[in-house]
Amino acid sequence: MSDVTDTGAKPGGEVDDDAEVPAVGGIVAELRHMSAEERARHEAEVAEVVAPDREIEVGVGDTLLAMRDVTLRFGGLVALDSVSFEIKRGEILGLIGPNGAGKTTCFNVITGVYRPTAGQVLLEGHPLGRRKRYAITQLGIARTFQNIRLFNEMTALENVVVGADARHRTSVLGALVRGPRHHREERQAVERAMALLEFVGIADRAADKAKNLPYGYQRRLEIARALATEPKLLCLDEPAAGFNPAEKEGLMELIRTIRDDGYTVLLIEHDMRLVMGVTDRIVVLEFGKKIAAGLPAEIRENPAVIAAYLGVPDDGVA
Amino acid sequence: MSTQETTTGGPSRLQQWRDRWNGMSRFQQWAFLVPLVLLIYALPVLNPPILSTEPGYTFSIAMFEVARYALVAIGLNVVVGQAGLLDLGYIGFFAIGAYVAALFTSPDSELAKLPYLVVLPLAVLVTMVFGVLLGSPTLRLRGDYLAIVTLGFGEIVRLLADLSPLRGNAGFQGVGQPPGTRADGQDVFNTSDGTPWYWLTVTLIIVVLMLVGNLERSRVGRAWVAIREDEDAAEIMGVPTFRFKLWAFAIGAAIGGLSGALYAGQIGFVNNQRFDVVTSVLFLAAVVLGGSGNKVGVLLGATVIAYVPLRFQSLYEYRYLIFGLALIILMIFRPQGLLGARQRLLAYGREAYRRLIGRPEQVSSDSALAAEPVKGAGS
């Protein structure tokens with residue numbers, strides 16, 4: 001950290017001076033020439049930088065986020081009907097249901113896009129209340145989008161740094177005069193963003209505009225951008241949509257790694273195999289109501305869930 | 001895609017220049033810039049025959065016109081180019097700056113007289129306040145709706161100038177100037193010689209460019225671009241969008257007000273005839289023509305918009321026709337403007353890019369890593 005002010009004081013040095021290698025260099029080191037052992041150590045380093053560095057009031061296994069009787073109406077349409085569930089710190093919770101069941105709506109309530117008509121969302125026991133969307137993100141809930149929504153004209157790295165900015169406090173005046181906090185935060189943000197890109201496996205395209213990235217990279221970039229905000233809860237909205245089986249396998253691996261790194265994940269996913277394989281618990285929605293909750297194995301056997309997905313035989317309907 | 005080895009057309013030539021520029025050390029860049037800036041300062045004195053607008057129009061005043069358009073374009077570029085907020089009433093801020101200068105310096109005004117150099121920052125401050133006043137209710141609107149409201153704002157300012165305290169068509173004579181007297185007893189800053197005004201404006205442009213550049217290469221600039229790209233996604237990623245839009249608006253307004261105050265001082269007279277919507281559209285044309293979001297681009301655009309009609313006086317009457325056609329043609333063949341926006345928002349990111357791809361950052365090209373180094377372009 002001590003070299004931060006140095007570089008800030010002599011901007012002329014940043015161009016040619018290879019001796020002054022910033023921490024970024026360590027993370028973006030040449031992977032090609034590494035032995036398996038070096039590689040493992042390097043990956044551990046990356047995970048270290050990526051891991052969340054903020055106080056969470058609740059312990060591992062305790063309730064991080066709670067939906068309490070959340071109801072959301074659009075005019076006459078009841079999108080969510082008294083939905084309650086909890087997400088425990090350190091788990092991967094799957095949110096599933098047929099099309100139109102209210103999964104994404106549920107996400108939108110948690111991230112503040114919609115305000116519940118009735119009921120509450122509590123993070124670490126405190127209601128989110130009428131907070132603005134950006135404030136909820138700063139508080140520690142980040143998300144990805146079902147339809148990819150990146151900042152297309154920005155590079156991959158910049159997309160992630162925008163996420164990291166959510167935790168920054170440089171004022172407009174501070175940026176205007178390039179104060180010490182600006183330099184410190186800028187350097188940390190770039191370092192962390194590079195680490196995140198490597199963590200999700202797309203560091204080789206960091207300098208490309210988001211719109212020019214392949215589809216799978218864009219999905220992963222969304223995850224990196226969300227992780228950059230250091231969320232207490234990471235919400236993934238169908239992150240595997242459009243992936244082939246091999247890519248899905250890779251994504252499951254990534255989601256597990258994210259959890260192991262200390263994050264809590266809420267996952268919407270259609271692919272049953274992926275959901276069953278990666279989640280710790282599952283909540284099932286249908287027509288805006290919670291119809292089941294439990295371990296993946298229980299959900300698989302649950303008649304209500306099977307009925308919801310496959311329909312019920314005609315004689316079952318009154 | 002733009003760097004295929006066979007093509008040597010305009011875009012790739014431009015790209016080569018950019019790459020070469022980005023590859024230079026800061027010192028080399030200064031070595032290019034300093035003489036260029038000195039040349040720009042010397043222009044009204046040199047009065048080169050090719051560039052001269054005389055006898056039709058005093059060259060030094062023409063150069064001041066170019067400079068004040070350039071300042072306006074930089075300010076408007078923050079709002080339109082960076083934050084993506086379409087402002088069709090920018091002339092309103094320009095007018096407020098001009099009227100602040102007039103009200104506090106002209107003998108026609110009943111307000112207390114202040115020195116011009118005090119009024120200049122005051123004009124900046126007042127227009128900034130107006131930027132916030134206009135922005136706080138309207139920046140909840142988006143796109144076309146915001147454009148219409150700002151269009152209305154520009155007209156309201158112009159119509160308010162009809163009211164008696166602002167003296168409508170009669171206007172304010174004898175607007176103040178910076179102090180100083182020449183050896184022959186004439187004021188250094190006067191209405192017939194544009195050179196000192198030009199120098200003052202160019203100096204202010206350099207200062208403003210540096211400050212705006214600082215903002216662009218910080219979280220503020222990133223927030224603006226993120227808002228421009230996808231406002232909802234930006235907010236959900238933790239960007240306080242309203243606050244940063246308001247900042248863009250206020251900063252843009254302040255720069256417009258500064259330009260207006262300079263204009264009032266140079267011409268020495270302010271009335272309600274000079275702040276119409278068409279001028280607002282000309283300002284916008286300068287930004288779009290040069291390359292929305294690119295500071296060098298908008299300077300170029302402002303130069304074209306302000307200079308061409310003065311240089312070719314016979315075209316003056318047809319300028320709207322010509323600019324209109326030029327814009328249409330440009331939008332078909334080069335929608336990003338003469339020099340398109342380039343993203344280089346991360347000061348420390350340059351190091352990261354360089355380490356990553358083993359050569360200077362090429363973020364401006366469509367796909368930096370897809371472009372293999374071609375023979376001869378290795379240096």
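Every chain is numbered from 1 and lettered A, B, ... according to where its sequence line falls, protein lines coming before strand lines. Computed from a predicted model, the values in this text were never measured in an experiment.
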Any side-chain heavy atom of [X] sitting closer than 4.5 Å to one from [Y]?
{"X": "Arg222(B)", "Y": "Met154(A)", "answer": "yes"}
{"X": "Tyr134(A)", "Y": "Ile236(B)", "answer": "no"}
{"X": "Met237(B)", "Y": "Thr137(A)", "answer": "no"}
{"X": "Leu215(B)", "Y": "Val172(A)", "answer": "yes"}

Is Thr170(A) close to chain B through its backbone or its side chain, or both, or neither, when contacts mean heavy atoms under 4.5 Å?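 Both parts, heavy atoms under 4.5 Å.
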Toward chain B: residues of residues 214-225 of chain A with heavy atoms under 4.5 Å: Arg225(A)
How long is the gap from [atom1] on [X] to [atom2] on [Y], to the nearest 0.5 Å?
{"X": "Leu173(A)", "Y": "Trp247(B)", "atom1": "CG", "atom2": "CH2", "value": "7.0 Å"}
{"X": "Ser218(B)", "Y": "His168(A)", "atom1": "OG", "atom2": "NE2", "value": "11.5 Å"}
{"X": "Arg133(A)", "Y": "Thr241(B)", "atom1": "CZ", "atom2": "OG1", "value": "7.0 Å"}

Could you check whether atom [atom1] of [X] has more than 12 heavy atoms from other residues, nucleotides or ligands sitting under 6.0 Å from it?
{"X": "Arg115(A)", "atom1": "CZ", "value": "yes"}
{"X": "Tyr114(A)", "atom1": "OH", "value": "no"}
{"X": "Arg54(A)", "atom1": "CZ", "value": "yes"}
{"X": "Phe333(B)", "atom1": "CZ", "value": "no"}

Structural part of [X] lying under 4.5 Å from a heavy atom of chain A:
{"X": "Ala223(B)", "value": "neither"}
{"X": "Phe244(B)", "value": "side chain"}
{"X": "Val220(B)", "value": "side chain"}

So, Glu229(B) side chain and Glu153(A) main chain: donor-acceptor pair closer than 3.5 Å or not? yes
Do the side chain of Arg178(A) and the main chain of Asn214(B) share a donor and acceptor less than 3.5 angstrom apart? yes
Look at Thr229(A), Val177(A), Val162(A) and state which one has the largest set of heavy-atom pairs under 4.5 Å with chain B. Val162(A)
Set out, in order, the CA-CA distance, both residues' side-chain angles and the distance that settles side-chain contact (heavy atoms from CB on, under 4.5 Å) for Lys132(A) and Glu235(B), then state yes or no. CA-CA 9 Å; Lys132(A) 292 257 182 350; Glu235(B) 177 145 12; 4.3 Å; yes
